[in-house]
Peer 1: 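A single structure is presented below for examination.
Just the heavy atoms: all of them, side chains too, but no hydrogens, waters or symmetry mates, feed the values below. A quick note: this is a predicted structure, and the numbers were derived from the prediction, not measured.
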Amino acid sequence: MSDQLPPCPQCSSEYTYEMGALLTCPECAHEWTPATEATGADETEIRDAVGNVLADGDTVTVIKTLKVKGSPTGIKAGTKVRNIRLVNGVGDHDIDCKVDGIGPMQLKSSVVKKI
């Protein structure tokens with residue numbers, strides 16, 4: 001290794017190492033490709049269930065009925081959600097929004113379709 005490896009983009013640890021084609025952080029277990037770090041595009045684009053690229057402010061439709069804790073009905077398939085915000089949420093929940101009749105919550109991009 002002639003070049004010094006970049007620090008981890010998540011926790012800024014300087015103890016990163018190469019593992020095949022990926023760079024790995026031993027402290028937080030984050031893995032990333034060196035090409036992603038070199039271009040400065042550490043955020044990947046978020047796509048909906050059919051492959052459309054999502055952006056902040058988009059309107060989406062829920063494509064399957066979702067159960068919600070504390071709600072007897074949940075979110076029905078076909079519900080429109082306006083003005084979404086893309087976030088790095090808990091687990092793979094990457095959409096922050098307000099659902100009419102339910103309130104603020106986070107959704108997975110795999111259960112919505114862009115209108």
Peer 1: Once ring-ring contact (aromatic ring centres under 6.0 Å, His included) is applied, do any residues pair with H93, and if so which ones, sequence neighbours excluded?
Peer 2: none
Peer 1: Please identify each residue that fulfils side chain to side chain donor-acceptor pair (under 3.5 Å) with S13, with sequence neighbours left out.
Peer 2: E27
Peer 1: Considering only Ile, Leu, Val, Met, Phe, Trp and Tyr, and joining two whenever side-chain heavy atoms are under 4.5 Å apart, list the other residues clustered with L22.
Peer 2: none
Peer 1: List, by chain and number, the other hydrophobic cluster members for Y15, where Ile, Leu, Val, Met, Phe, Trp and Tyr join if side-chain heavy atoms come within less than 4.5 Å, directly or indirectly.
Peer 2: none
Peer 1: If hydrophobic residues (ILVMFWY) are linked whenever their side-chain heavy atoms come closer than 4.5 Å, directly or via other members, who joins I115 in its cluster?
Peer 2: none
Peer 1: Checking E18 against L5 for the side chain to side chain contact (heavy atoms under 4.5 Å, CB included) test, could you report, in this order, the C-alpha distance in whole Å, the side-chain angles of both residues, the deciding distance, and whether it holds?
Peer 2: CA-CA 8 Å; E18 289 182 280; L5 296 174; 4.0 Å; yes
Peer 1: Are any of the side-chain heavy atoms of H30 and P9 separated by less than 4.5 Å?
Peer 2: yes
Peer 1: Could you give the side-chain donor-acceptor pairs of residues 70-88 under 3.5 Å, partners two or more places apart or in another chain?
Peer 2:
residue, atom, partner, partner atom, Å
S71, OG, G74, N, 3.2
T79, OG1, K76, O, 2.7
R85, NH2, D96, OD2, 2.3

Peer 1: Can you give me the closest heavy-atom contact between T16 and W32, atom names plus distance?
Peer 2: CG2-CH2, 3.3 Å
Peer 1: How about L23 and E31: do any of their side-chain heavy atoms sit closer than 4.5 Å?
Peer 2: no
Peer 1: Taking side chain to side chain donor-acceptor pair (under 3.5 Å) as the test, write out the residues that go with E14, two or more places apart.
Peer 2: none
Peer 1: Can you name the nearest heavy-atom pair linking C28 to C11, along with the distance?
Peer 2: SG-SG, 3.7 Å
Peer 1: If hydrophobic clusters are built from ILVMFWY residues whose side chains come within less than 4.5 Å, do L66 and I102 share one?
Peer 2: yes
Peer 1: Enter the distance from M105:CE to L107:CG here, rounded to the nearest 0.5 Å.
Peer 2: 6.0 Å
Peer 1: Mind listing the closest non-hydrogen atom pair of T24 and P26 along with its distance?
Peer 2: O-CD, 3.8 Å
Peer 1: Please list, one pair per line, the donor and acceptor atoms closer than 3.5 Å that link side chains of residues 46-54 to other protein atoms, with sequence neighbours excluded.
Peer 2:
residue, atom, partner, partner atom, Å
R47, NE, E45, OE2, 3.4
R47, NH1, G51, O, 2.6
R47, NH2, E45, OE2, 2.5
D48, OD1, V50, N, 3.1
D48, OD1, G51, N, 2.9
D48, OD1, N52, N, 2.7
D48, OD2, N52, ND2, 3.3
D48, OD2, K114, N, 2.7

Peer 1: The criterion is side chain to side chain donor-acceptor pair (under 3.5 Å); which residues satisfy it with S109, sequence neighbours excluded?
Peer 2: D94
Peer 1: Just jot down the salt bridge (charged side-chain N to carboxylate O under 4.0 Å, His left out) partners of D92, sequence neighbours excluded, or say none.
Peer 2: K108
Peer 1: Does anything in residues 61-73 pair up under salt bridge (Lys or Arg N to Asp or Glu O under 4.0 Å), and if so which pairs, sequence neighbours excluded?
Peer 2: none
